[in-house]
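Quick caveat, the model's predicted, so the values are computed rather than measured.
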Protein chains: 2
Amino acid sequence: MLRLSKRVEYGLMALQYLAKSGNVATAREISDAGHIPYELLAKVMQSLKHEGIIDSYQGVRGGYAMLVAPAQINLARVMKALDEDATVTECISPGSVHEQCTLYANCTIKEPMQKLQTRMEESFGKMTIAELL
Amino acid sequence: MLRLSKRVEYGLMALQYLAKSGNVATAREISDAGHIPYELLAKVMQSLKHEGIIDSYQGVRGGYAMLVAPAQINLARVMKALDEDATVTECISPGSVHEQCTLYANCTIKEPMQKLQTRMEESFGKMTIAELL
DNA sequence: CAAAGTAGGACTGATTTGATCGTATTTTAT
DNA sequence: ATAAAATACGATCAAATCAGTCCTACTTTG
Ligand code: FES
Ligand code: FES
């Protein structure tokens with residue numbers, strides 16, 4: 001079907017780690033524990049912070065910690081934070097720039113794809129970080 | 001979330017076309033109608049044929065036609081025929097070669113991803129070609 | 001003020017995907 | 001018979017995406 005990006009995969013592992021430990025952990029610590037490339041994980045953590053899922057503390061003794069209860073964070077939100085192509089097709093994204101898609105004028109599957117998008121969001125919306133523990 | 005490949009997009013448009021017309025149509029005809037690159041569409045049609053979704057007739061007056069009722073073909077099957085990466089992560093695919101994934105030994109999200117895979121297949125399994133008409 | 005950490009831009013290489021080309025094979029119509 | 005219209009399929013090229021790395025800041029604690 002559709003393969004998750006490494007960013008999402010690493011993000012989920014990191015969130016699982018944070019949720020399990022319950023307090024602050026550094027990117028290096030998570031990277032070592034999961035054998036995840038450090039530099040890439042660091043970026044992922046920053047994205048998760050911008051989305052408001054985790055909090056960060058700079059400087060010595062700094063690191064990252066959960067900002068929201070694991071049960072309150074669903075996969076749709078994580079993927080939105082970590083992945084760019086958030087829609088099944090370019091047809092979607094209501095109010096966005098449809099002109100980008102060269103097929104738009106001839107696309108015959110706009111409505112069904114919108115329906116599919118909704119269903120997928122439901123699927124991803126139902127699973128939370130709490131289910132990773 | 002996750003973007004469908006052009007192959008799947010073209011395949012769905014083609015199946016919609018065939019289902020709507022109800023009889024044989026050539027790849028060129030579908031390509032023209034949908035402004036789809038002919039060579040690529042031709043490959044997509046061949047894949048759909050191998051999957052047993054459509055039938056093909058060679059030679060002059062040849063073309064493609066539905067082999068199964070549109071309501072009997074769900075998107076999961078179409079995607080399986082047209083897309084390679086059929087799983088959410090490499091963890092999945094029961095009985096398959098896990099060794100490929102370098103992370104397997106350290107992967108902490110195998111079970112949840114398996115669950116996610118199942119749910120997604122349900123989502124895609126519920127929508128049929130009949131819903132594209 | 002030094003060490004440990006996050007913040008983030010820029011770059012490279014690998015991989016995947018879309019698109020194209022070329023040639024063979026099958027079948028109908030003339 | 002044979003030419004034309006179509007599928008079949010392998011090989012190749014180009015574009016886009018993604019993973020990974022590097023480098024330089026900024027921030028905070030001890
Ligand atoms: S995919 Fe671009 S408009 Fe449908
Ligand atoms: S993603 Fe490879 S084992 Fe989980």
Could you write out each protein N or O paired with an N or O of nucleotides 28-30 of chain C at a distance under 3.5 Å?
none

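In this structure, CD in Q16(A) is found 8.5 Å from CG in L12(A), a value given to the nearest 0.5 Å. Rounding to the nearest 0.5 Å gives a distance of 4.5 Å between NZ of K80(A) and CD of E51(A). K6(A) NZ to L40(A) CG: the interatomic distance, rounded to the nearest 0.5 Å, is 10.0 Å. Put simply, CD1 on I109(A) and OH on Y10(B) are 10.5 Å apart, with the number rounded to the nearest 0.5 Å.
Distances shorter than 4.0 Å separate none of the side-chain N or O atoms of Y57(A) from OP1 or OP2 on dA7(C). Between S56(A) and the phosphate of dG5(C), there is no side-chain N or O to OP1/OP2 separation shorter than 4.0 Å.
Residue side chain K43(B) does not reach the base of dG18(C) through any donor-acceptor N/O pair under 3.5 Å, judged by distance alone.
Atom-to-atom, OH of Y64(A) to P of dA4(C) comes out at 17 Å; the value is rounded to the nearest Å. To the nearest angstrom, C1' of dT16(C) lies 13 Å from CZ of R7(B). Protein atom OH of Y38(A) is 10 Å distant from nucleotide atom P of dA7(C), rounded to whole Å. As rounded to whole Å, 17 Å separates atom C1' of dT15(C) from atom CG of L4(A). Distance CD (E39(B)) to P (dT23(C)): 13 Å, rounded to an integer number of Å. Rounded to an integer number of Å, the gap from D32(A) CG to dG5(C) C1' is 14 Å. If you measure from atom CG of L48(A) to atom P of dT6(C), you get 13 Å, rounded to the nearest angstrom. Across the protein-nucleic acid pair, E29(A) atom CD and dA4(C) atom P stand 15 Å apart, rounded to whole Å.
Shortest non-hydrogen contact noted between M113(A) and L75(B) is CE-CD1, 4.4 Å. Between S5(B) and D83(B) the shortest heavy-atom distance is OG-OD2, 3.4 Å.
The nearest heavy atom of DNA chain C to H50(A) and to S5(B) marks one nucleotide each, and the one closer to the 5' end goes with H50(A).
In this structure, K49(B) has no salt bridge (charged side-chain N to carboxylate O under 4.0 Å, His left out) partners at least two apart in sequence or on a different chain.
Close approach of DNA chain D to chain A, defined as any atom under 4.0 Å from a non-hydrogen atom of the protein, starts and stops at dA19(D) to dT29(D).
Through side-chain heavy atoms spaced under 4.5 Å, either directly or across other Ile, Leu, Val, Met, Phe, Trp or Tyr residues, V24(B) is tied to Y57(B). Clustering of Ile, Leu, Val, Met, Phe, Trp and Tyr by side-chain heavy atoms under 4.5 Å joins L133(B) with none of the others.
Side chains of T89(A) and R3(B): a donor-acceptor N/O pair is absent below 3.5 angstrom, by distance only.
Using a cut-off of 4.0 Å between Lys/Arg side-chain N and Asp/Glu carboxylate O, R119(B) and E131(A) are scored as salt-bridged.
Near-neighbour residues of DNA chain D inside residues 14-26 of chain A, defined by a heavy atom below 4.0 Å, are absent.
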